[in-house]
Amino acid sequence: MRELGRRSESAQHPFKAMRPDEGGRGSALVSVQAARGRPTVLVLRSGQREIVSAACPVALSLRLRPGMAAAHARALVGDLDVRDADIAADEALLERLAQHAVIHWTPIATVSGQDGLWLDMTGTSHLYGGEARFCRRVAGFFARLGLTARIAIAGTAGAAHALARYGGRQIVLLEPGREAQALAALPIAALRLEETALDAAARFGLERVGDLYPMPRGPLARRLGLATVTRLDQALGRAAEPIVPVVLVEQPEVVRRLLEPIATPEAITQVIADLVADLVELLREQGLGVRTAVLTAERVDGAAQHIAIGASRATRDARHLVRMFGLKVDRLEPGLGIEAMRLTVPRSDPLGAVAWGSLLDEAAPQDLAPAIDQLVGRAGEGAVFRMTLEESDVPERAVRRIGPLAPVRGWPAWKRPARMLRRPEFLTGVVALLPDHPPRRFTWRGKPYRVVAGDGPERIHGEWWRSDHEHWAVRDYFRVEVEGGERFWIFRRGDGVAPETGDLSWYLHGVFG
């Protein structure tokens, strides 16, 4: 079989990812970093200085610590990956985690500092089999999210905060009344003191929380500030520290319970119209508009059915909402009858008064949101979208999908195919003259093609700042026309001169026309 040019081995799937664009010079470095991970730190800017705010485990093993100057960290580690910290994104994530805790774990939860959560487990830990089992469950939840969690349960919020961050163990369960003994060996920073208080404590030689116990309150307040005394009392349980819980916003909801079960499409449509009218009044009072609405139909046999609609823009138009539900009402199976229907808005946006302008103004732009919503209702959410540009030279990264009404950044001035493949597909049987000529023939998906015209190359280098794999990567793109009239966008990996730039393999990336 090999003599005939055929092979019996299974061929690689054509839609699998290509080999990474990598050159010979970076292969050893890549293998080392893949084995141990690249040290990464996040920095915050304070005036003209950059301060390390967080470090990965690899960076911590190299003695890089939060609070260190970024210039010092770069000097200690040559291949350090330094990225800007996104405080707003961290706060948004913590807020979402706190809301998740309120829904699934305990009704009282809030954000603790910039990197933690407070959960009041009073009267709820027995629901999970005890505190130890609950801690393991929470740790597993964060591990599935790719986050490292340290958990401490104590009688006071201050003690739990200190033990979780300075206790040295992943899970700490402290018995009530032993806060003083557990906190004595921890550094004073565990009490959440200000920088001025920490500097004053260092001048007086106070390093541990236990050093503060024998000091009289008056001298302690004069030297380290009254806030230090308050924090100490809160951690030891001598002063109250109330937790202000996260309050979830109630979803707008209207319900209609029917005197007799209904099963005909006309009756169901009428009840939906009544529910929408009630919902519009409720939304108008709250100043909100629908982005996502869910209709729940409860049948007499106890089963519940759901249909959902989405709006590309916040709306309170009752006719439009009824029309969108009408496109999906046939998906309801009433069975023996529906005895109750509920309309809920899990996602809403603020919607105030809108100035429509003069009705005689013909130049006013038309609102496309209702038409787009109907197209989405018929074809599906993933079928209606727009394309926008991304700041990238690599073609598969240069465009992405956005919502149908989202603003776009424009379109590239250089020629690009009307259809680009999700992943470039490998070409076989390529005959080309190196280094700068398009191929004369190639085979794609088992079909041979003969090129009659070609234009190129357009050279695109790899984005070395994204990945070391692309440090030496080069792609030469060609626009070719074959005998049948089809036009393709193909590229060769490598410049045809330096072997580090690529292995000279060919791929098809797009189709013109």
Side-chain angles (χ1 to χ4, degrees), residues 33 36-101 109-119 138-139 141-152 157-170 172 186-202 207-209 224-225 227-228 231 235 243-244 246 465-468:
Q33 290 180 353
R36 58 178 296 206
R38 186 178 180 185
T40 305
V41 298
L42 303 181
V43 298
L44 287 174
R45 288 175 174 82
S46 177
Q48 299 297 328
R49 298 184 60 195
E50 291 184 345
I51 305 299
V52 176
S53 62
C56 71
V58 178
L60 293 174
S61 66
L62 297 176
R63 298 184 180 180
L64 302 184
R65 295 290 183 269
M68 178 185 296
H72 187 196
R74 289 189 180 97
L76 293 177
V77 181
D79 61 341
L80 183 64
D81 186 5
V82 180
R83 304 181 184 182
D84 293 334
D86 193 344
I87 301 299
D90 294 342
E91 293 176 352
L93 177 60
L94 286 174
E95 186 71 20
R96 291 176 57 189
L97 291 175
Q99 294 178 2
H100 178 86
T110 188
V111 177
S112 169
Q114 298 180 351
D115 59 351
L117 300 175
W118 266 324
L119 308 179
V138 173
F141 169 79
F142 284 105
R144 291 191 296 272
L145 295 180
L147 302 175
T148 302
R150 289 187 176 183
I151 307 172
H161 186 281
L163 292 172
R165 290 162 175 79
Y166 297 90
R169 291 182 290 171
Q170 184 183 14
V172 179
L186 301 183
I188 292 182
L191 295 178
R192 297 168 290 159
L193 304 182
E194 301 291 339
E195 291 294 334
T196 55
L198 295 177
D199 294 340
E207 299 179 355
R208 305 295 175 184
V209 176
L224 304 185
T228 302
R231 290 298 189 191
I243 296 177
V244 180
V246 173
W465 58 91
R466 288 178 177 263
S467 172
D468 293 328

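These figures come from a predicted structure and were not determined experimentally.
Ala201 approaches Leu224 most closely through the heavy-atom pair N-CD2, 3.4 Å. Nearest heavy atoms, Leu117 versus Leu94: CD2-O, 3.7 Å. Between Ala197 and Thr228, the shortest heavy-atom distance links the atoms CB-OG1, 3.8 Å. The two residues Ala98 and Ala109 come nearest to each other via the heavy atoms O-CB, 4.1 Å. Closest of all the heavy-atom pairs between Arg49 and Ala69 is NH2-CB, 4.0 Å. Contact detail for Ala190 and Leu186: the closest heavy-atom pair is CB-CB, 4.2 Å.
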- Query: Should Val43 and Asp84 be marked as a side chain to side chain contact (heavy atoms under 4.5 Å, CB included) after you check the CA-CA gap, both sets of side-chain angles, and the distance that decides it?
  - Reply: CA-CA 5 Å; Val43 298; Asp84 293 334; 3.8 Å; yes
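Qualifying side chain to side chain donor-acceptor pair (under 3.5 Å) partners for Asp81, counting only residues two or more places apart in sequence or in other chains: Arg83.
Note that CD of Glu50 is 9.5 Å distant from CG of Leu44, once rounded to the nearest 0.5 Å. Between atom OG1 of residue Thr40 and atom CG of residue Leu80 there is a gap of 7.0 Å, rounded to the nearest 0.5 Å. If you take CG on Leu147 and CG on Leu93, they are separated by 6.5 Å, rounding to the nearest 0.5 Å. Rounded to the nearest 0.5 Å, atoms CD (Gln99) and CD (Glu95) are 5.0 Å apart. Interatomic distance, Leu163 CG to Arg150 CZ, rounded to the nearest 0.5 Å: 11.5 Å. Of the inter-residue distances, the one linking Leu42 atom CG with Asp86 atom CG reads 9.5 Å to the nearest 0.5 angstrom.
A side-chain donor-acceptor contact under 3.5 Å links Arg38 to the backbone of Asp79. When atom types are taken as modelled, the side chain of Trp118 and the backbone of Ala157 share a donor-acceptor pair closer than 3.5 angstrom. Judged by distance alone, with hydrogens and angles left aside, the side-chain atoms of Thr110 form a donor-acceptor pair with the main-chain N or O of Val244 at under 3.5 Å.
A 6.0 Å sphere centred on CZ of Arg65 holds more than 12 heavy atoms belonging to other residues, nucleotides or ligands. For Arg466, the CZ atom sits in a packed shell: over 12 heavy atoms of surrounding residues, nucleotides or ligands are nearer than 6.0 Å.
Between Pro39 and the choices Leu60, Val77, Leu76, the side-chain contact (heavy atoms from CB on, under 4.5 Å) rule is met once, by Val77.
Gln170 is not listed as a side-chain neighbour of Thr148, based on a closest heavy-atom distance of 4.5 Å or more. Residues Val41 and Leu64 meet the side-chain proximity criterion, which asks for heavy atoms closer than 4.5 Å.
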